[in-house]
J.: 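So that we are looking at the same thing, I have put the structure below in structure tokens.
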Amino acid sequence: MQPVEIKAIDNEDFDIWLPLWKAYQQFYEVDIEESVTLMTWARFLDPLEPVHAALAVVGEQALGLVHSIYHRSTWTTGDHCYLQDLFVANDARGSGIGRALIEHVYADARHRGASRVYWTTHESNHSAMKLYESIAVRSGFIQYRKVFV
């Protein structure tokens, strides 16, 4: 495989980001409304928003994405970074792209003075959990949620 470039998205990347975003939704069996997708994209490009995105690019092809959100914490003076979405195309899994995307978020979080990077994954995502347990500590916390429609 050619070298992987991890790059923050820019306005011209929508057409290579969108298929990965759709594949990520398909993986988790969700269908996010187009209006939400467009708002999310706009937030990535707004320097005043705490929402960020990066792509893993090999040659001219985007093979992975990562989205992160910075927020305040009552436990530390530094922000926390929530790694909200991570996805690698099926044919590129196991190539180190997931690790490279997470390391990109780690570096960005250090640069921004964040005190923590954290994320969740589905309990059935065993292959991803092998990676996660090699580069982070499982917190033991269980997520609960209430959805407002």
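Each residue takes its place number in the sequence, starting with 1.
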J.: For N125, enumerate each residue passing the side-chain hydrogen bond (donor to acceptor under 3.5 Å, both in side chains) test, keeping only those at least two apart in sequence or located in another chain.
T.: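 Once residues adjacent in sequence are excluded, the partners of N125 under the side-chain hydrogen bond (donor to acceptor under 3.5 Å, both in side chains) criterion are Y28, T121.
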
J.: Would L65 end up clustered with I9 when hydrophobic side chains under 4.5 Å apart are linked, directly or stepwise?
T.: yes

J.: Mind checking the CD-NE2 spacing from Q84 to H52? Nearest 0.5 Å is all I need.
T.: 12.5 Å

J.: Side-chain contact test, heavy atoms from C-beta onward, threshold under 4.5 Å: evaluate it for D46 versus V51 and give yes or no.
T.: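 A side-chain contact under 4.5 Å is absent here.
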
J.: My understanding is that only residues two or more places apart in sequence, or in another chain, count here; which of them pass salt bridge (Lys or Arg N to Asp or Glu O under 4.0 Å) with D85?
T.: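 Testing D85 for salt bridge (Lys or Arg N to Asp or Glu O under 4.0 Å), a comparison that skips the adjacent residues, returns none.
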
J.: Going by the salt bridge (charged side-chain N to carboxylate O under 4.0 Å, His left out) test, which pairs reach into residues 19-30, not counting sequence neighbours?
T.: none

J.: Only counting residues at least two apart or in another chain, list the ones meeting side-chain hydrogen bond (donor to acceptor under 3.5 Å, both in side chains) with W17.
T.: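 Result, side-chain hydrogen bond (donor to acceptor under 3.5 Å, both in side chains) vs W17: H67.
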
J.: Give me each pair satisfying salt bridge (charged side-chain N to carboxylate O under 4.0 Å, His left out) with a member in residues 101-117, each pair once, sequence neighbours excluded.
T.: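 Qualifying pairs: D108-R112.
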
J.: Is there a continuous path of hydrophobic side-chain contacts, each under 4.5 Å between heavy atoms, that joins F27 to M129?
T.: no

J.: In chain order, what residues pass the side chain to side chain contact (heavy atoms under 4.5 Å, CB included) check against A54, with sequence neighbours excluded?
T.: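 If we apply the side chain to side chain contact (heavy atoms under 4.5 Å, CB included) test to A54, skipping adjacent residues, the hits are I6, V66, H104.
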
J.: Of all residues at least two apart in sequence or in a different chain, which pass the side-chain hydrogen bond (donor to acceptor under 3.5 Å, both in side chains) check with T76?
T.: H80, S115

J.: Output all residues satisfying side chain to side chain contact (heavy atoms under 4.5 Å, CB included) with N90, sequence neighbours left out; order by chain, then residue number.
T.: R93

J.: Determine, using the 4.5 Å side-chain heavy-atom cutoff (strictly less than), whether L83 and Y70 are members of one ILVMFWY cluster.
T.: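 The answer is no; the residues belong to distinct hydrophobic clusters.
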
J.: If hydrophobic clusters are built by linking Ile, Leu, Val, Met, Phe, Trp and Tyr wherever their side-chain heavy atoms come under 4.5 Å apart, do V117 and W75 end up in the same one?
T.: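 Per the 4.5 Å side-chain linkage, V117 and W75 are not co-clustered.
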
J.: Taking the side chain as C-beta and beyond, is there a heavy-atom pair between I135 and Y106 under 4.5 Å?
T.: yes

J.: Would you sort out whether H71 and D79 count as a side-chain contact (heavy atoms from CB on, under 4.5 Å), showing the intermediate values?
T.: CA-CA 5 Å; H71 64 86; D79 285 350; over 6 Å; no

J.: Atom OG of S68 and atom CG of L86: how far apart are they, to the nearest 0.5 Å?
T.: 11.0 Å

J.: By side-chain hydrogen bond (donor to acceptor under 3.5 Å, both in side chains), which residues pair with R99, not counting sequence neighbours?
T.: S134

J.: Using 0.5 Å steps for rounding, measure from the CG atom of L45 to the CG atom of D13.
T.: 9.0 Å

J.: For atom CD of Q26, decide whether the heavy atoms of other residues, nucleotides or ligands shown that lie under 6.0 angstrom number more than 12.
T.: no

J.: Below 3.5 Å, can you tabulate the donor-acceptor pairs from side chains in residues 137-144 to any protein atom, sequence neighbours excluded?
T.:
from	atom 1	to	atom 2	distance (Å)
R138	NE	E133	OE2	3.2
R138	NH2	E133	OE2	2.2
S139	OG	F141	N	3.2
Q143	OE1	R145	NH2	3.0

J.: Mind checking who shares a hydrophobic cluster with Y82, ILVMFWY linked at side-chain heavy-atom distances under 4.5 Å?
T.: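 Y82 shares its hydrophobic cluster with Y118.
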
J.: For V4, which of I97, V57, L101, L63 qualifies under side chain to side chain contact (heavy atoms under 4.5 Å, CB included)?
T.: I97

J.: Check whether Y132 reaches the backbone of T120 with its side chain - one donor and one acceptor, N or O, closer than 3.5 Å.
T.: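 Pair absent, no side-chain N/O of Y132 close to backbone of T120.
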
J.: Below 3.5 Å, can you tabulate the donor-acceptor pairs from side chains in residues 31-44 to any protein atom, sequence neighbours excluded?
T.:
from	atom 1	to	atom 2	distance (Å)
T37	OG1	W21	NE1	3.0
T40	OG1	V36	O	2.9

